[in-house]
Enquirer: 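Before anything else, here's the structure in question.
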Number of protein chains: 2
Amino acid sequence: MSVYVFGHKSPDTDSVVAALSVADYFGKVTGESYVAAMQGEVTPESKFVLDKFGLTAPQLKTSFAGEKVVLVDHSDLAQSPDDLGSATILGVVDHHKLGDVTTPNPLEMWVWPVGCSCTVVKYMYDYAGIEVPKAIAGAMLCAILSDTVMFKSVTCTPKDKDAAAALAKIAGVTDMMALGMEMFKVKSAVEGASMKDLVFRDYKDFNMSGNKVGIGQLEVVDLSLLDAVKDGLYAEIGKVKAEGRHSVFLLLTDIMKEGSEMLYVSDDASVIEKAFGAKPGDKSVWLDGVMSRKKQVVPNFEKAFA
Amino acid sequence: MSVYVFGHKSPDTDSVVAALSVADYFGKVTGESYVAAMQGEVTPESKFVLDKFGLTAPQLKTSFAGEKVVLVDHSDLAQSPDDLGSATILGVVDHHKLGDVTTPNPLEMWVWPVGCSCTVVKYMYDYAGIEVPKAIAGAMLCAILSDTVMFKSVTCTPKDKDAAAALAKIAGVTDMMALGMEMFKVKSAVEGASMKDLVFRDYKDFNMSGNKVGIGQLEVVDLSLLDAVKDGLYAEIGKVKAEGRHSVFLLLTDIMKEGSEMLYVSDDASVIEKAFGAKPGDKSVWLDGVMSRKKQVVPNFEKAFA
């Protein structure tokens, strides 16, 4: 029986590539069958990365009842499959806060406070003395560049930079910043995508003191690229909120200006001022220097909701 | 500000020695101040181990509001300090199931499915290329011998044996089984201890599907050593149950016969048959081959309560 390795509900490049690399790693370490999976379709950015290095996307799969599984890039029930309770969790590889997943059995956890799950995976390979395959190394490099916004995010640590440099060498990438810009241009593209696609491109639900709160993020090389779709995005998060959430926040992050415009629909907008000390406008607020959902947005909202 | 490193509410040798060694490890890795703590008094076994290798016991401390902390040997709220929610958890080092502790911030977790937290700690030292101090190595060896019942427990893995062998070498212990027998004789001693001391010597509360369930364990080299105190122990777990628990179980484990007599007081004794397929007597049941609370008792009860 194979063990499935998968990331959170809205797959981003880190969760897709961590699934591929962790499946490769555990397969080699244990000699057993580990299969990479994902709970949703790949984003344009992830497709670019997979194509660039000739990798096949993880298997699309949303039900894991009765299966053995390894979680990557999350430990929150809200981001896991609905039937996770009927699966046996053998491990977790992550770089986020510790979520509400629990297990009845001992398990293997590699969780570090670094900028990207693939950074943790790189050190796992090193620890076991196993070489990262060339194509997987290139994709892991892209995951680190993506999650750390080319090392600009406050979540970026020296370990991320070291791992990226080592992976670039294995993958034969000589100019990693050029690779990063190429990838972020794909990520910035909004043409042809529906409003729903854009809102859910990198979206997660959180349980904050009993309130269901959705937070999405779109990262672009220039915020003006989103001028034409901003109204549509606002209407779309209104629909998402109406499905039974307390609030939906959508971060429009300008990676060059290093800040985010946050669109919001909320039962109680005062949480925004509590979280960031900034008075929101009718529909949005500019958060200077805020680029990381994980390290800057989620912890502040969790305190504001507490 | 120092970071406190501590284990669960009823300190056993693993949680005491893991606190000491993890504090030493993180202090050396980060260059910052890490202080070992414990939530209760040391057991006779732990006192023997600390004295044997000339170590000072961790600081007794039960409140951690406003402090930075690292948890060892547990990730369950019921086993953590009552004010853990007001502390900042920087890390977890453990070898149990994943409990219900959550964090608002990213953290460092070393959790492996091995027989002892100190086995994980040994590999952390190796990973960082730091030598384990001689006295700490001796105490870590004892923790592994204790948790794996001298390698007899079903929780014991090849990693535990490898770590023990390497630690024995560092500590200059030539006959580790003799050291183990000496330690287990101390652990088996019941003279002078109150019934309450014996019940809580290695005791943990669990939340099982909403029911508070206490499980204690006494390991002896020969069960007949407990004949004189069995009635007293039974009366004592009755008191503990009356404090608002669904059930209290006390495992009297015979490490040479490799099985446990389990005393019980419960609102619903049918969970015992559900968990073990054995019909209990009025006050107790013999569970052949059952030596590990973590791997054999807790998972079976969790299924029975589910």
Side-chain angles (χ1 to χ4, degrees), chain A residues 71 73 75-77 85-86 88-117 119-120 123-124 126-129 147 154-155 157 159 206-209 275 292-306, chain B residues 30 71 73 75-77 85-86 88-117 119-120 123-124 126-129 147 154-155 157 159 206-209 292-306:
Chain A
L71 309 185
D73 207 34
S75 63
D76 287 292
L77 290 171
S86 316
T88 301
I89 303 171
L90 300 186
V92 177
V93 178
D94 194 15
H95 69 121
H96 295 90
K97 69 192 187 70
L98 178 57
D100 53 1
V101 166
T102 61
T103 68
N105 54 279
L107 75 170
E108 178 165 342
M109 295 183 71
W110 293 83
V111 180
W112 288 3
V114 294
C116 180
S117 292
T119 299
V120 182
Y123 286 91
M124 291 165 65
D126 288 351
Y127 192 50
D147 260 23
V154 291
T155 61
T157 69
K159 280 195 172 72
F206 297 87
N207 179 341
M208 296 196 177
S209 303
S292 166
R293 174 172 57 194
K294 184 179 75 139
K295 207 149 177 174
Q296 297 174 294
V297 178
V298 172
N300 283 6
F301 272 132
E302 291 206 321
K303 278 178 205 150
F305 273 94
Chain B
T30 64
L71 309 185
D73 206 33
S75 63
D76 288 291
L77 290 172
S86 315
T88 302
I89 303 170
L90 300 186
V92 177
V93 178
D94 194 15
H95 69 120
H96 295 90
K97 70 195 185 70
L98 178 57
D100 52 1
V101 166
T102 61
T103 70
N105 54 279
L107 75 171
E108 178 166 342
M109 295 183 71
W110 293 82
V111 180
W112 287 3
V114 293
C116 180
S117 292
T119 298
V120 182
Y123 286 90
M124 291 165 66
D126 289 351
Y127 193 49
D147 260 23
V154 291
T155 61
T157 69
K159 281 196 172 72
F206 297 87
N207 179 340
M208 295 196 178
S209 303
S292 166
R293 174 172 56 195
K294 183 180 75 139
K295 207 148 176 175
Q296 297 174 294
V297 179
V298 172
N300 283 7
F301 272 133
E302 291 205 324
K303 278 178 207 151
F305 273 94

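So you know, we letter chains A, B, ... as the sequences are listed, proteins then strands, and number each from 1. Reckoned from all heavy atoms, side chains included, excluding hydrogens, waters and symmetry mates.
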Enquirer: Suppose we screen for side-chain contact (heavy atoms from CB on, under 4.5 Å). Which residues come up paired with B/Asp100, at least two apart in sequence or across chains?
Expert: A/Thr102, B/Asp76, B/Leu77
Enquirer: To the nearest 0.5 Å, what is the distance between CG (B/Leu90) and CD (B/Glu108)?
Expert: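 Rounded to the nearest 0.5 Å, the CG-CD separation comes to 9.5 Å.
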Enquirer: Examine distances only and state if a side-chain atom of A/Asp94 and a backbone atom of A/Ser117 form a donor-acceptor pair shorter than 3.5 Å.
Expert: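 No: the side chain of A/Asp94 does not pair with the backbone of A/Ser117.
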Enquirer: Do B/Ile89 and B/Val101 come within less than 4.5 Å of each other through their side chains, counting heavy atoms only?
Expert: yes
Enquirer: Within residues 293-306 of chain B, which residues come under 4.5 Å of chain A, heavy atom to heavy atom?
Expert: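 Near chain A, by residue number: B/Lys294, B/Pro299, B/Glu302.
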Enquirer: Is the side chain of B/Thr157 donor-acceptor paired with the backbone N or O of B/Val114 at a distance under 3.5 Å, no angle test?
Expert: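 Checking the backbone N and O of B/Val114 against the side chain of B/Thr157, no donor-acceptor pair under 3.5 Å is found.
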Enquirer: If you count heavy-atom pairs within less than 4.5 Å of chain B, which of A/Val92, A/Asn105, A/Leu107 leads?
Expert: A/Leu107
Enquirer: How are the rings of A/Tyr127 and B/Tyr123 set to each other: parallel, tilted or perpendicular (split at 30° and 60°)?
Expert: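 Plane angle over 60°, so perpendicular.
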